[in-house]
Number of protein chains: 2
Amino acid sequence: MVHAPEIIENLKRRGFRETPVRFRLLELLSNSSTPLSVPEIIGKLSQQNLKPNKTTLYREIDFLMNQDILVEVRLHDRKKRYEITQQHHHHLVCLKCDSITDIKLKQDLGREETRLAKRFNFAIERHALEFFGYCNNCQ
Amino acid sequence: MVHAPEIIENLKRRGFRETPVRFRLLELLSNSSTPLSVPEIIGKLSQQNLKPNKTTLYREIDFLMNQDILVEVRLHDRKKRYEITQQHHHHLVCLKCDSITDIKLKQDLGREETRLAKRFNFAIERHALEFFGYCNNCQ
DNA sequence: TATATTAATGCAACTTAGTTGCGTTTGTCA
DNA sequence: TGACAAACGCAACTAAGTTGCATTAATATA
């Protein structure tokens with residue numbers, strides 16, 4: 001797991017500041033087992049008596065994505081979710097309770113990507129693969 | 001390719017009506033090589049002097065999805081897109097011009113799904129796999 | 001071919017995620 | 001401790017999608 005203080009130290013070395021929103025957001029996301037959306041983040045931070053404006057959060061997230069600290073995850077609904085950047089992985093998304101489980105694929109898509117790139121002369125940057133269904137508790 | 005009149009005939013046999021919006025929407029989607037969003041559909045139909053209310057379109061799409069005639073496709077942005085139901089496939093999405101190319105995977109994800117289902121006791125209903133990058137024209 | 005039924009439609013008002021402009025606050029370093 | 005830019009908050013906005021309700025029109029059948 002990545003720790004918020006380390007990330008912040010790194011940022012400070014590069015001339016950025018340590019602020020409550022930045023720290024608490026990173027802390028929240030590094031303790032979270034699932035990616036979170038901005039509305040969810042606002043909810044959770046409010047519970048801890050930190051009530052940042054949504055504009056601030058969107059901008060902070062934007063900043064952290066530019067620093068490659070966060071990545072965006074898109075699932076079935078229209079919310080963008082964010083998680084701490086980690087090794088490439090995929091998700092199991094429960095259609096009932098919305099729980100999200102990180103998974104790693106055994107199979108490798110690299111060969112497929114090479115084939116598609118050649119076949120369509122398409123420069124693949126990334127892919128998204130998510131599995132939808134019903135989790136242990138919701139079946 | 002699937003033809004709009006056939007689909008409509010099928011619906012009529014089941015007690016539903018043939019209406020301009022229904023016909024022209026199905027015609028548009030069956031001639032489209034890419035999935036379309038509601039704003040896009042409204043734009044294209046307007047060009048042909050059919051200006052349905054967006055509520056009507058959302059409801060028509062909902063109806064056609066319940067009839068398994070359309071499926072929803074979710075890509076990188078926050079629009080839902082729709083296409084005529086066809087054999088399971090994936091997409092190459094250009095991050096510059098937004099063009100979408102249908103592709104079929106050589107590799108099969110079935111084995112992977114079985115493994116994940118067992119491992120996490122997760123009942124997989126479907127998956128979404130999209131490749132993002134730059135198309136022939138946009139590199 | 002007139003009529004009844006109900007599928008389909010339109011409109012207005014709303015919700016929710018996300019964005020923009022702009023003026024203010026605050027963390028950091030000299 | 002003061003200067004400067006990073007970070008912040010507020011208000012107003014956009015765009016996708018939803019809901020309630022009253023109206024219109026496609027179709028079966030009389």
Can you give me every donor-acceptor pair (side chain of residues 64-72 of chain A, partner residue at least two apart or in another chain, under 3.5 Å) with its distance?
{"unit_1": "A:N66", "atom_1": "ND2", "unit_2": "A:D62", "atom_2": "O", "d": "3.4"}
{"unit_1": "A:Q67", "atom_1": "OE1", "unit_2": "A:R14", "atom_2": "NH1", "d": "2.8"}
{"unit_1": "A:E72", "atom_1": "OE2", "unit_2": "A:R74", "atom_2": "NE", "d": "3.2"}

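Using a 4.0 Å heavy-atom distance criterion, A:K80 is classed as a sugar-phosphate-only contact.
If you measure from atom CG of A:N53 to atom P of D:dA12, you get 13 Å, rounded to the nearest angstrom. Distance NZ (A:K54) to C1' (D:dC10): 11 Å, rounded to an integer number of Å. Remark: P of D:dA26 and CZ of B:R24 are 14 Å apart, rounded to the nearest angstrom. Protein atom CG of B:L57 is 17 Å distant from nucleotide atom C1' of D:dT19, rounded to whole Å. Regarding A:N66, its CG atom lies at a distance of 15 Å from the C1' atom of D:dA6, rounded to whole Å. The distance from atom CG of B:L26 to atom P of C:dA8 is 12 Å, rounded to the nearest whole Å. A straight line from NZ of B:K12 to P of D:dA25 spans 17 Å, rounded to a whole angstrom. The distance from atom CG of B:D77 to atom C1' of C:dT19 is 15 Å, rounded to the nearest whole Å.
The side chain of A:R17 has D:dA6 as its nearest neighbour among D:dG17, D:dC8, D:dA6. For B:Y58, the side-chain atoms get nearest to D:dT18 when compared with the rest of D:dT18, C:dA17, C:dG10. Of the candidate nucleotides C:dA17, C:dA8, C:dT9, C:dT9 has the atom lying nearest to any side-chain atom of B:T56. Looking at the side chain of B:T19, the nearest of the listed nucleotides D:dC10, C:dT28, C:dT9 is C:dT9.
To the nearest 0.5 angstrom, A:E18 atom CD is 12.0 Å from A:I7 atom CD1.
The main-chain N or O of B:D108 is found under 3.5 Å from a side-chain atom of A:Q107 such that the two form a donor-acceptor pair. Judged by distance alone, the side chain of B:S30 and the main-chain N or O of B:L26 form a donor-acceptor pair under 3.5 Å.
Judged by distance alone with a 3.5 Å cut-off, no donor-acceptor contact links the side chain of B:T55 to the base of C:dT9. Judged by distance alone with a 3.5 Å cut-off, no donor-acceptor contact links the side chain of B:R59 to the base of D:dG17.
Positionally, the nearest nucleotide of DNA chain D for A:P20 lies more toward the 5' end than for the other of B:R81 and A:P20. Nearest-nucleotide mapping onto DNA chain D: of B:K79 and B:E18, the residue sitting toward the 5' end is B:K79.
Not counting sequence neighbours, the partners of B:R22 by the salt bridge (charged side-chain N to carboxylate O under 4.0 Å, His left out) test are B:E60.
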